[in-house]
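Everything below concerns the one structure shown next.
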Amino acid sequence: AQSVSQHNHHVILSEAASLELGCNYSYGGTVNLFWYVQYPGQHLQLLLKYFSGDPLVKGIKGFEAEFIKSKFSFNLRKPSVQWSDTAEYFCAVTLTGFQKLVFGTGTRLLVSP
Amino acid sequence: NAGVTQTPKFRILKIGQSMTLQCAQDMNHNYMYWYRQDPGMGLKLIYYSVGAGITDKGEVPNGYNVSRSTTEDFPLRLELAAPSQTSVYFCASSDAGETQYFGPGTRLLVL
């Protein structure tokens, strides 16, 4: 079955630390990849997405992600986190041409000031 | 643009009661979706629609119904509420093959 795995359920970092959140998927075809963020008490917002082209994509608020096809991965990175990055982060995948997103279980990030 | 709006924000139901969660979008998107979010489980697709008059089941459709009479609206119906339906419900919309935009959510508690 198609699935998305986020292996880090909870991450705690100090401000200015670097961040990398893992995302792996199991799909056989061409995929579209997304990272969404959910700040406390808010709805999901798009951080960045990959459809095609340069596998290193840059999103809002200094986030970036790299699509590595051979590893079925789409890890999220940020070189220096801020307290305001405290949120839950979701990786999501859909097969190109299909509409149904499959979400990972999410990673809760807590950044201490 | 208001984007995707949902009402109510919060609701408490008794077991066996029914209710409709409202969702509307003003972006003229053909595709609309309903998800439920449970702690540690991510988001699961309940139903989706590819256009007015067309709906289809997602991953967890049991206990829910939907309709899509207009492009703008996509209500989710719970006929006989059960404690297992306690969750946060998100509606989303998109153009074909594009990013999904989410509403603010409805928090439902079934007691």
Side-chain angles (χ1 to χ4, degrees), chain A residues 1-11 21-26 29-53 57 59-60 65 74 87-109, chain B residues 1-10 21 23-25 27 29-51 54-61 66 68 74 87-107:
Chain A
Q2 301 154 347
S3 65
V4 178
S5 298
Q6 292 182 245
H7 303 293
N8 310 105
H9 298 294
H10 292 90
V11 173
L21 301 181
C23 173
N24 289 91
Y25 63 92
S26 62
T30 305
V31 294
N32 295 334
L33 299 152
F34 304 81
W35 275 99
Y36 282 87
V37 60
Q38 187 177 28
Y39 297 104
Q42 297 188 27
H43 61 285
L44 277 78
Q45 303 171 43
L46 182 69
L47 264 183
L48 48 78
K49 62 185 179 183
Y50 173 80
F51 282 10
S52 64
V57 293
I60 60 171
F74 189 56
E88 191 160 15
Y89 293 81
F90 293 93
C91 181
V93 178
T94 183
L95 286 175
T96 302
F98 288 82
Q99 300 306 310
K100 289 190 279 188
L101 272 177
V102 177
F103 283 84
T105 53
T107 297
R108 286 188 183 271
L109 172 66
Chain B
N1 284 353
V4 180
T5 57
Q6 292 183 239
T7 56
K9 290 184 180 179
F10 178 68
L21 283 67
C23 174
Q25 54 93 7
M27 296 175 281
H29 287 163
N30 282 324
Y31 294 80
M32 295 188 75
Y33 316 81
W34 274 106
Y35 295 89
R36 59 178 289 172
Q37 183 184 26
D38 300 302
M41 301 292 290
L43 278 79
K44 302 290 186 183
L45 182 65
I46 304 171
Y47 270 95
Y48 68 103
S49 169
V50 301
I54 307 169
T55 63
D56 206 350
K57 295 178 181 178
E59 187 178 357
V60 290
V66 294
R68 184 94 182 271
F74 191 41
S87 189
V88 182
Y89 292 85
F90 288 100
C91 180
S93 72
S94 74
D95 278 330
E98 294 295 328
T99 304
Q100 292 186 22
Y101 294 90
F102 286 80
T106 294
R107 191 174 292 273

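A note on names: the letters A, B, ... follow the listed sequences, proteins ahead of strands, and every chain is numbered from 1.
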Could you measure the distance from the [atom1] atom of [X] to the [atom2] atom of [Y]? Nearest 0.5 Å is fine.
X     : Y      : atom1 : atom2 : result
B:T99 : A:L48  : OG1   : CG    : 10.0 Å
B:K44 : A:F103 : NZ    : CZ    : 11.0 Å
B:Y48 : A:K100 : OH    : NZ    : 4.0 Å

Toward chain B, the part of A:Q38 with a non-hydrogen atom under 4.5 Å
side chain
Honestly, the part of A:L46 sitting under 4.5 Å from a heavy atom of chain B is side chain
A quick test of your reading: do over 12 heavy atoms of other residues, nucleotides or ligands sit less than 6.0 Å from CE of B:M27?
yes
If we only count heavy atoms from C-beta on, is the A:L101 to B:L43 side-chain gap below 4.5 Å?
no
Applying a strict 4.5 Å limit to non-hydrogen atoms, the region of B:E59 in contact with chain A is neither
B:Q100 versus A:Y36, closest heavy-atom pair with distance:
O-OH, 2.8 Å
